[in-house]
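Quick note: numbers below take in every heavy atom, side chains included, and nothing from hydrogens, waters or symmetry partners. By convention in this document, chain letters (A, B, ...) are assigned in the order of the sequence lines, proteins followed by strands, and residues within each chain are numbered from 1.
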Amino acid sequence: MNPTNPSTAASGPGSGKTASFMNARAYQTVKRSVMATFEDGRDQSAGYQPKARVTERYRIIGFISSGTYGRVYKAVSRTSNPEGIAVVRTSSGLTPTSSSGPAPIEVAIKKFKPDKEGEQVSYTGISQSAIREMSLCSELRHANVIRLVEIILEDKCIFMVFEYAEHDLLQIIHHHTQQPRHPIPPATVKSIMFQLLNGCQYLHTNWVLHRDLKPANIMVTSGGEVKIGDLGLARRFDKPLHSLFSGDKVVVTIWYRAPELILGSYHYTPAIDMWAVGCIFAELLSLRPIFKGEEAKMDSKKTVPFQRNQMHKIAEIVGLPTKERWPLLPAMPEYSQLSTLSTMQHSTHSHHHHHQNAPNRGYPLSSNLEKWYYNTINNNSGAGSAASGPNGQPALQSLGAEGYKLLAGLLEYDPEKRLTAAQALQYEFFSSGDRVSSNCFEGIKVEYPHRRVSQDDNDIRTSSLPGTKRSGLPDDTLLRPAKRMKE
Amino acid sequence: MSPTDAEAPPAASNGDTASRIGPHPGYISSSNQYSSELKIRRMLKDNGCDPAREDNYRLQGVQLIDTVRQHLNLPVRTFDTACTYFHKFRLNFRDAEYNYQDAALASLFVACKVEDTIKKSKDILAAAYNVKNPEKPAASDDKIFESPGKIIIGLERLILETIGFDFRTRYPQKLLVKVVRSILGPEEGKSFFNIAYAMSIDMYKTFVPIKRTTFSMVMALVELTARMTGEHLDKVQAFVAQRRQYSRPAVLETMLDILDLYVQYHKSTNVGAQFDLNRFMDIKIALNTELEKEFISRHMYYCNRCENEDTPPATSGSGTSPTATASSWPGDASMRRTARGQDGTMRFVFDPEAAREEQDTVAQFYNEEYEEYEVEVEEPIPPPRYEHAEGGGGRGGYRGGHGHHGSRDRGDHRRGGPYGGYRGDRHYRGRRYH
């Protein structure tokens, strides 16, 4: 039905070499079928064929965001039931209905852009990270991990359909920085942390490392359920063939990157996710990334640079790591860089005010984290006592010493001593004080602003990917460092 | 169906036929990890496979995967996955639509991504080429690999479709090591293990890996090795006696499948050449005797009635009521995927329960009900081709009739009255066999 349509000479068995390589007769057949694969059904003999098949099932509301992988759209299902069609039985037969059923189901559709092999921009099939994400998501199921509803395969595109979450932590944090700056209520912080750790514990006990935990990837539904999202960088760690490092050279967005990664560890563990959780916890309290370093770019040879500035930011607050606190520290490939860190820090930041404890090194010998924590919870609004608890106390004070213990346990240098998700869930932080709610918005009267869905680019069909970024957000905390890079 | 139709709210009033219900929700697919022998045969039949050629392509394809992966120093688990995808792919597409070598290499290409041993398509093609032409090796950036590279990538999509984005496969070798060690100990088991391991590679030339669990595969390999070498059969049996998950019918079927391979294709296997053909025959006879004694059928979940009755609409319906037959066999022939049928959207649902529910609900809309009444008509003598297909039931004859039907109906199924049936496809969902 589809006549041979070799629009290009792409698959012509030109050389004798090729002809010997393949059986010539079968080759012709393949040529035809493969060309059809690329033809996208344009020249189907019988007139117009709709291409937008995904749109028959989902109505695209708008564009949410884009990344290295592709783009994400918000959509609603055209049927009113996610896995079935609402049906009304009438005397005259069966009629599907969209009016009397429940509200249409909202989803987030992730459209992968084709992978590139080498420099030239030609379609080279599905990317390995897409395969990883699909194989993981299709097997994982947990209340605190975003659920994959289905995968839709079209002529040239692959769509992953996820359950929709109205908010994410980045958005929520951003909302609280808006004037007047007001802290996230402690009950919300607690609930978010509990659910986040719960999701992590699920992933880790199932041998999955997330490797890109950051506020933007932690979704929150309008019902206050926290869902870990974007498993595009996640992988199993139970039986790696190579060290994890050799697979993807750079993992985790720089501000949330664990010290063992910065120091070039060849192998790593779920502890890297727990460091990121610690950073997220700190950010929920202070509304700023706790270690906001500048990323050193890869040079032209694609060697991974030492992230000096990030290490510096960490050391400023928790002190430089020592052999005593982290016995395996000298075994780290980039260990020698640590000594250069203090000298550099002297020359470029000599005016810095963190000198009092160790005038020769420029970093506190012991951790300043406790100080940071109490400063934050006592003075968390930035607007003085504008946002206070019921008794005139700054609201976050109720998190108390338990909160510090959790934070310090998560931001522990030695990955072996760092809290695991299971341990963290047992902390008194969660068992003391108010009961942890499974709805992190419980008791909050105002509703957070909804996810920004842009209308100017809601054509899920466009194959070109203009350099769209998350559209203009005023606060600098939202200017994320450059996207993670892969090998 | 134009986009505006799709936009329009479903209404019974705007059309006089069932086809106006609304947009067809697309073809749903949930993966299935296991297939029965019956289902495999049915799928091969529907593809119009010539049995002898089918065997050849299967053996040579797996052989190609094996040599290329060894050339590229890829681990056995990549091989396992590649072969599994290759088998599944071949069950879903007609031989005529692709070159088996391309399919084998494309399967390896996908497997590499899945197993974290990523290779570029051209690296794989170059390896395949260099294995064949060791005297004049070519680099992977050679121009000759450009167009075949595109073919591999084109086939990749079809492989994803075939496996339904379920990337899971089984790796029997790992369990094999453990079982042999626990039966014989690490030292004594070595030579035994070498044979069993080679046999596990041979096993991928059969359909066993898409039929059996890891444990059944391993126990079949171990017992067969014991029988081949004439050693340790008692220990194996003692080991088996302690395992509650052991299924004798499954293991028997698997051993016989592997033996069939050795008997028929003695030369194109690793282990076959190491033993006398008579030895395989003797074991086969012993196992068949066991089957008979225990009243176990050669294949599990087999049903002779289905096998015989299982004639497709093109042949079974004869000429009288083509529509009725088509609907009684929903979405079979006209909905068969072919390598050319790229136009439909496929959906992959991961919750089988949900998929089933949706399928049942949707089916109600596309199910046509007929009132049966008898009318006497003069029936022309059907063309001999059909007679042959129906009467003979041979694969060749069947192929003729079916091929005709498929090529005629494909392509206009979406416009055609009532959506050409719903793809509740037996081949695909694999739930209805018994």
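At least one side-chain heavy atom of A/Arg235 sits under 4.5 Å from a side-chain heavy atom of B/Asp116. With a 4.5 Å cut-off on side-chain heavy atoms, B/Arg157 and A/Ile158 do not count as touching.
Listed here is the closest heavy atom pair of B/Phe165 and A/Ser138: O-OG, 4.3 Å. Heavy-atom minimum distance, A/Leu153 versus B/Glu161: CD2-CB, 3.7 Å.
Proximity to chain B (any heavy atom under 4.5 Å) is restricted, for A/Arg141, to the side chain, taken from C-beta onward.
At least one donor-acceptor pair under 3.5 Å links the side chain of B/Lys113 to the backbone N or O of A/Ile126.
Here B/Glu115 contributes atom CD and A/Gln128 contributes atom CD; the two are 10.0 Å apart, rounded to the nearest 0.5 Å.
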